[in-house]
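Contents: one structure, followed by commentary.
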Amino acid sequence: MDIKKLDRWAELLLDTGKGNNLINFKDTKNSTAEILIPNADVLFKKIDSNTNLEVYDPKIIDEDDGLEEESRHLEVEEITIQNDKVAYQDQYSSCIKKQNQILLYNSEVNPIRVLKNIDKKTKEFIEETGVNVAYIAFGFIHWKEDEASNCIFRAPILLVPIQFRQESVITPYFIKSTGEDIIVNPTFAYKMDAAYGVKLPDYSDEGLSGYFAKITTIISKLNWTISYECKIGIFSFLKINMYRDLKENAELILENANVRTLLGETLDLEDSTVSDINESHIPNPLIELHNVVDADFSQIEAIEMAKSGKSFVLQGPPGTGKSQTITNIIAECLSDGKRCCLYLRNWQP
């Protein structure tokens, strides 16, 4: 049996390409904001202790807010957005008067606008998948693919899941930790291990400076560096749990006859073929099925097979009712008191 193929399946779940902001982080106009005040160590202690952080609004007028040119010019004269981060911090540092206040920065727009956009996208993601994707990234590894390369990439190190709260449009935004575990960037950790044979240690409540000291010792051998930047952004690594499941439960997964067949092992599957389904076990669709949406004959056939415990591939072009069929299959499983775990993939040959 080609067990290495199972490992390759697992690896395909991880996106280690340069387009992934967990591998190659880039600041964007609408989806990232840097926390300038307080510094990383102080901020980490506050967020780790579940402090409510109030976001200071610099009242910057964005160019595309729809104001008339003359009015916009007057406003921008009073409060100017600075492309220079140091000048921006100098301009607003005296405005941070509360211990729980933070100052955000975006080189192009009012950072509050960015925060609203991240908040909106996060809520949509939670509604669709049930997973939070809003994080504060603490620290970045500046890495190169090889010694001779002049191209330097940034990968976030620690990720703290956060949530937002704003009671009304005229009140400040508040940010706090969700209370979930602090995460070591799983995608970059895998890439480091696979490409360079270097393992990132788990975070063990040693504090930001203590953990970064460990990382610095490790990556200095590769002539990489660390920066203490803190960025709010959207980071998604949903498939990391499936990856870990394949890695940690390989022996159990390989006991499945369908998996072994896909891996190339020749098995006698006569007892599981569709043609041998015992008709007495197929429910009467007019009596025993519990469809929650309409289904035609071919869809009912798939629902019956799922209800009888048979494995099959459901394939069809767009608009043929695959989603409705899956909805009805889930309903049947729930009706029978079964647990249902669903993984969907859009197949594009």
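In this text the structure is predicted, and so the values were computed from the model without any measurement.
Contact detail for Arg165 and Asn52: the closest heavy-atom pair is NH2-OD1, 4.0 Å. Closest approach of Ile23 to Trp143, counting heavy atoms only: O-NE1, 3.1 Å.
Judged as a side-chain hydrogen bond (donor to acceptor under 3.5 Å, both in side chains), and not counting sequence neighbours, Ser93 has no contacts.
Within the 4.5 Å cutoff, no side-chain heavy atoms of Val55 are placed close to those of Pro172.
The residue from Thr32, Val160, Leu115 that alone fulfils the side-chain contact (heavy atoms from CB on, under 4.5 Å) condition with Ile232 is Leu115. Screening Asn132, Ile118, Ile136 for a side-chain contact (heavy atoms from CB on, under 4.5 Å) involving Ile162 leaves a single residue, Ile136.
Here CD1 of Ile218 is found 11.0 Å from NZ of Lys199. Values are rounded to the nearest 0.5 Å. In this structure, Asn185 CG and Ile141 CD1 are separated by 8.0 Å, a value rounded to the nearest 0.5 Å. Atom OG1 of Thr187 and atom CG of Leu13 lie 11.0 Å apart (nearest 0.5 Å). Remark: Leu104 CG to Lys231 NZ distance equals 11.0 Å, nearest 0.5 Å. The OH atom of Tyr190 sits 11.5 Å away from atom CG of Asp15, with the distance rounded to the nearest 0.5 Å. Here Ile102 contributes atom CD1 and Ile96 contributes atom CD1; the two are 8.5 Å apart, rounded to the nearest 0.5 Å.
Contact check on Glu332 versus Lys338 returns no salt bridge, with no Lys/Arg side-chain nitrogen under 4.0 Å from an Asp/Glu carboxylate oxygen. A salt bridge is absent between Glu255 and Arg260; no separation between the charged side-chain nitrogens and carboxylate oxygens falls under 4.0 Å.
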Could you walk me through whether Asp119 and Tyr173 pass the side-chain hydrogen bond (donor to acceptor under 3.5 Å, both in side chains) check?
CA-CA 10 Å; Asp119 187 18; Tyr173 254 100; 3.2 Å; yes
For Lys121 and Ser31, run side-chain hydrogen bond (donor to acceptor under 3.5 Å, both in side chains): C-alpha distance rounded to whole Å, both residues' side-chain angles, the deciding distance at 0.1 Å, then the answer.
CA-CA 9 Å; Lys121 288 183 178 179; Ser31 298; 3.1 Å; yes
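The aromatic rings of Phe44 and Phe138 sit perpendicular, their planes meeting at an angle over 60°, well past the 30° parallel limit. Aromatic ring orientation, Trp224 versus Phe188: tilted (interplanar angle from 30° to 60°).
Side-chain rings of Phe212 and Tyr228 approach one another, their centers coming within less than 6.0 Å.
Figure legend: cation-pi geometry between Arg154 and Phe25 absent, as NZ or CZ is not positioned both under 6.0 Å from the six-membered ring centre and within 45° of its axis. Phe153 carries Lys18 over the face of its six-membered ring, with the cationic atom under 6.0 Å from the centre and within 45° of the normal.
Distance alone, capped at 3.5 Å, is enough to place a donor-acceptor pair between the Gln101 side chain and the Lys98 backbone. For the pair Asn110 (side chain) and Ile60 (backbone), a donor-acceptor distance under 3.5 Å is present.
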